[in-house]
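It should be emphasised that the depicted structure is a prediction, and the values quoted were computed from it without experimental measurement. Protein chains get the first letters and strands the later ones, always in sequence-line order, with residue 1 at the start of each.
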Amino acid sequence: MNARQLVSLALRSTAIGYVLVLILLPLLVIGQQSLVGGLGRFSEDIVQPQAAAALVLTLEAALAATAINAVFGTLSAVVLVRYEFPGRWFLNALVDLPFAIPTLVAGLMIAALYGATSPLGAWLQRGGIEVLYNVPGIVLAMVFVTMPFMIRSLQPVLMELERDQEEAAFTLGAGRWVTFWKVTIPSVLPGLLTGLFLTFVRALGEFGAIVIVAGNIPMKTQVAPVYVYGEIESYNPRGATSVSVLILLISFAALVLLERLTRPPGERLPAVISRWRRSRPEPVAVPPVLPALRG
Amino acid sequence: MKIEVRHLSKRFGSVEAVSDVSFGVKEGELLGLLGPSGSGKTTVLRMIAGLETPSGGDIFIDCLRVNDLPVQQRNIGFVFQHYALFKHLTVFQNIAFGLKIKKWKKAEMAPRVSDLLRLMGLDGLGDRYPHQLSGGQRQRVAIARALAPRPSVLLLDEPFGAVDAKVRQELREWLIRLHDNLNVTSLFVTHDQEEAMEVSDRIIVFSKGKLEQDGSPAEVYEEPATEFVARFIGSMNILEAEVRGNLARVGGLEFPVTGFPDGHRVQVGFRPYYVQISEDSMQWPLKAKLRRIYFLGVAYRLEIETEGGLILRSRMNKEEFRERRFEVGRPVSYAITQFRLLPQEGRVAAL
């Protein structure tokens, strides 16, 4: 083995080792622990009322947050890429803030803004809308911490999107609305899906902001990560592990699906399925570049 | 007239991209808009399509003023330089896109797309995605997509600009045949004078947003209407001469002219093949030294320096070149068998 091969081997081992030790190993350990009591105990832990309520609430709130960010994130990304206006650079810089600040601080800001002592919170309360210690607060916290995902995944694909694809649609008779749905959205689909899935997965795991905004009211505002924390605090590591593993499985499934969906069209389905779909008869001969034309 | 453009102009901010351009395209014609980049030819095409709004002037398609008609309603087919295929759709779906928008019935759509696939030599590729095709194939899909809804005119923006030289040649010949076959009135933009000559029935030459000449390829080549056209199309020796006693004089050369006062400056132009050269210093009346020989494949270009210090280019076919024995640095004799005075528009730099 010569020096170059050694270096190449060392590089590969490091990369593989890094991923394995940092991600796969902890996953295996927690997976193994959740199954210590067998599958029966695992499902028991999950269907236990408080755990089930926390899981359902987490999924619902994460879906709602994803939907909100899908609409407003897409809109913001389009505006940030396509429109020139004073202060655009500042707005663009602001987008990353939720990534940069501790989520506890994010929770604190939301609590201060929507609390009963703030004008906005008081006004909403008079209208019968309770944000804090309630589901809207959870969704709001999730939307806040995941906001950059949608915008940042869409921006590069929107910039790359050639304007002439949309113009081509116009020349073929398509109006702006049809063009947006049939050309623009499908063209940026990989970025859109990445944004959606990352938002969803990240929202599932949010803890800091939610615990401040929504508290820890079992069966009402307790989300799964907060439940897990509570179980650990009350010396029930198995219950914590089971719920954690379920969240992990959901997130992992979402990410695998995302990887499939963002491949080039025609390669999105596993090979077996696409081969089966393509078993329709297909002409074999490909004609030469210059065919004899009729007439 | 199928398309007519009258006094068309377009300003981008303070830049006048197109100024006062008028021309017409006859039914079934294949017209080339030729000019260097930034000459406004693409802007003219995009204004006809409705992708750009004119700052002034009128556009007529089928005798209908279309200025206020949105691009969707102009019934044009447009082919973009970089294909602009819908990447998420198959070849079949790309071609069917316009038909779907126009609400064609499924039963009529499939045969129409199949016909076009066959016509474009794309049989069997209907299920492919654009990224699985070669550049030439993509461009043909783009043309098929534009033709599918039976547009009244076909507009092509540098249609072969993005493919390599060999495929470009094939596509050109193919476009000519396609046009002979379908007879759709077509306008195409190119910066390649050879391409314009070869493909077009008629050429319109642009420079700096202005129309320089409108004529057949032969007219544009043989009788350039402006100095720009003379310089832009083909290769030409251009000399600035001063008139004295009905002779335009420059560097010891004298060209007979009439109708100019003494002291007037004119531009004398002649194509390289009008410069005859011989290694026999007695064969032609004028003397020069051979500076360089360029091999062009079908011919040779010879560069000579005259006694008066002028550098002239000559062109000689391979057969004739082989019969002679030229040597760089040796004296030669030459003659200029034809010349023309270039049109003046006050553009000639006055001394």
**Student:** For A:Val178, which atoms come within 4.5 Å of any heavy atom of chain B: side chain, backbone, both, or neither?
**Tutor:**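 Looking at A:Val178, just its side chain touches chain B.
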**Student:** Would you call B:Arg172-B:Glu170 a salt bridge at under 4.0 Å N-O?
**Tutor:**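 Here B:Arg172 does not pair with B:Glu170 in a salt bridge, since their nearest N and O are not under 4.0 Å apart.
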**Student:** Can you say whether B:Arg46 sits under 4.5 Å from chain A via the side chain, the backbone, both, or neither, judging by heavy atoms?
**Tutor:**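 Contact with chain A: side chain only.
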**Student:** I want to check something: taking the side chain as every heavy atom from C-beta on, are B:Ile143 and B:Trp174 in contact at a cut-off of under 4.5 Å?
**Tutor:**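 Yes - at least one pair of side-chain heavy atoms lies under 4.5 Å apart.
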**Student:** Can you tell me which of B:His82, B:Arg74, B:Arg145 forms the most heavy-atom pairs within a distance under 4.5 Å of chain A?
**Tutor:**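 Of the options given, most contacts go to B:Arg145.
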**Student:** Inspect the contact between A:Arg202 and A:Glu206 and indicate whether a charged nitrogen and a carboxylate oxygen are less than 4.0 angstrom apart.
**Tutor:**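 Yes.
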**Student:** Is it the side chain or the backbone of B:Lys102 that comes within 4.5 Å of chain A heavy atoms, both, or neither?
**Tutor:**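 Answer is side chain: those atoms of B:Lys102 sit under 4.5 Å from chain A.
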**Student:** Taking side chain as everything from C-beta outward and backbone as N, CA, C, O, which of these in B:Phe86 sits under 4.5 Å from a heavy atom of chain A? Side chain, backbone, both or neither.
**Tutor:**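 Both backbone and side chain of B:Phe86 come within 4.5 Å of chain A.
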**Student:** Between B:Phe78 and B:Phe80, what is the ring plane arrangement, given parallel below 30°, perpendicular above 60°, and tilted in between?
**Tutor:** tilted
**Student:** Under 4.5 Å from any heavy atom of chain A, what part of B:Leu85 do you find: side chain, backbone, both or neither?
**Tutor:** backbone
**Student:** Do the side chains of B:Asp180 and B:Arg177 get close enough for a salt bridge, i.e. N-O under 4.0 angstrom?
**Tutor:** no
